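Quick note on labels: first sequence line is chain A, next is B, and so on, each numbered from 1. All of these numbers come straight from a predicted model, not from anything done at the bench.
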Amino acid sequence: MPKLPLDFYQKEDVVSVAKQLLGKLLFTRINGQLSGGIITETEAYDGIVDKACHAYGGKNTNRTATMFLGGGVTYVYLCYGIHHLLNVVSGKEGNPQAVLIRAIEPTVGIETMLRRRKMEKIAPRITAGPGALSQALGIDKQLNAKDLLADEIWIEDGNAYKDEEIVATTRIGVAYAQEHALWPFRFYIKGNKYVSKPNS
DNA sequence: TTCCCGATTTACT
DNA sequence: GTAAATCGGGAAA
């Protein structure tokens with residue numbers, strides 16, 4: 001499958017990008033180890049107007065500078081001192097929008113993922129959840145601000161899902177964002193097992 | 001420089 | 001169901 005083109009990421013509508021990323025194929029090649037799978041769950045972070053977004057209010061710091069880049073690069077950061085979270089930056093340069101990749105369904109390099117996660121057997125929890133997904137794919141801060149059209153981490157075209165096959169609900173872990181925590185910016189594929197929280 | 005806290009996961013009680 | 005792990009960013013001083 002071909003990689004997604006730059007203009008896919010540079011659309012200004014981050015919610016639409018988040019929905020379209022469902023069913024696409026995310027891959028990493030770390031130290032020659034290829035692994036990846038189908039994106040099953042995403043969340044949108046809508047730049048300066050979104051209290052849950054790190055760049056809310058136009059906050060541009062060492063960390064958030066990555067989100068101000070043009071769409072088509074990664075934004076990886078450490079959360080709770082333990083977990084690396086993978087985002088895809090979208091929108092035009094200067095507009096700090098991003099899509100958090102929360103879960104994938106593994107298709108390639110499953111042995112590699114099992115080893116990284118110290119698991120013996122495949123189970124949905126291997127890549128269901130943003131911290132778990134990053135660990136399985138070998139993602140850490142070294143992969144921040146990488147070009148998604150290069151050969152270290154990239155996304156290929158795949159399935160497109162219709163609205164009725166997508167569930168839209170509230171984001172997770174952003175209660176501090178007050179009323180914005182209620183925005184239905186989390187999307188996942190209906191019925192898929194590789195989703196970070198129990199379907200409801 | 002100090003202090004507080006997080007876009008989470010996992011191991012316990 | 002609840003809590004501990006763990007470190008770097010960001011705001012205050």
- Look at the side-chain N and O atoms of A/R186 and state whether any lies under 4.0 Å from the OP1 or OP2 oxygen of B/dA7. no
- Message: Does A/H180 form a side chain to side chain donor-acceptor pair (under 3.5 Å) with A/Y56? I'd like the steps, not just the answer.
- Response: CA-CA 11 Å; A/H180 294 180; A/Y56 171 64; 5.9 Å; no
Output one line per pair: protein atom, nucleotide atom from nucleotides 11-13 of chain B, and distance, for all N/O pairs under 3.5 Å.
none

- Can you see which heavy atom on A/K19 is nearest to which on A/I166, and at what distance? O-CD1, 4.2 Å
- Message: Closer than 4.0 angstrom, basic N to acidic O: yes or no for A/K146 and A/E152?
- Response: yes
- Quote, to the nearest angstrom, the C1' distance that separates C/dA3 from B/dC5. 16 Å
- Task: Mind checking A/A132 for me? I need base, sugar-phosphate or nothing, with any heavy atom below 4.0 Å counting as a touch.
- Result: sugar-phosphate
- Base-pair string, DNA chain C, Watson-Crick plus G-U, cut-off 3.5 Å on both distances, | for inter-strand, is |||||.||||||.
- Message: Heavy atoms from C-beta onward define the side chain here; which of B/dA7, C/dG8, C/dA5 lies closest to that of A/I82?
- Response: C/dA5
- Task: Can you tell me which residue pairs pass the ring pair (Phe, Tyr, Trp, His ring centres under 6.0 Å) test with a partner in residues 107-141 of chain A, sequence neighbours excluded?
- Result: none
- Counting side-chain heavy atoms from CB outward, which of B/dA7, B/dT9, B/dT10 is closest to A/R117? B/dT10
Set out, line by line, the N/O atom pairs under 3.5 Å between protein and nucleotides 10-13 of chain C.
from: C/dG10; atom 1: OP1; to: A/T61; atom 2: OG1; distance (Å): 2.8
from: C/dG10; atom 1: OP1; to: A/R63; atom 2: NE; distance (Å): 3.2
from: C/dG10; atom 1: OP2; to: A/T61; atom 2: OG1; distance (Å): 2.6

- Set of residues satisfying side chain to side chain contact (heavy atoms under 4.5 Å, CB included) with respect to A/S90, sequence neighbours excluded: A/V14, A/V17, A/Q97
- Query: To the side chain of A/K141, which of B/dT9, C/dG9, C/dC7 is closest?
  - Reply: C/dG9
- Determine, for A/K193 against A/E105, whether the closest basic-nitrogen to carboxylate-oxygen distance falls under 4.0 angstrom. no
- Could you tell me whether A/E164 atom CD has more than 12 heavy atoms of other residues or ligands within 6.0 Å of it? yes
- Message: Below the 4.0 Å mark, does C/dG8 have OP1 or OP2 next to a side-chain nitrogen or oxygen of A/Y80?
- Response: no
- Note on the structure: Sorted by chain and residue number, the side chain to side chain contact (heavy atoms under 4.5 Å, CB included) partners of A/P184 (sequence neighbours excluded) come out as none
- Message: Using the side-chain heavy atoms of A/L78, tell me which of these nucleotides is nearest: B/dA7, C/dG8, B/dT10.
- Response: C/dG8
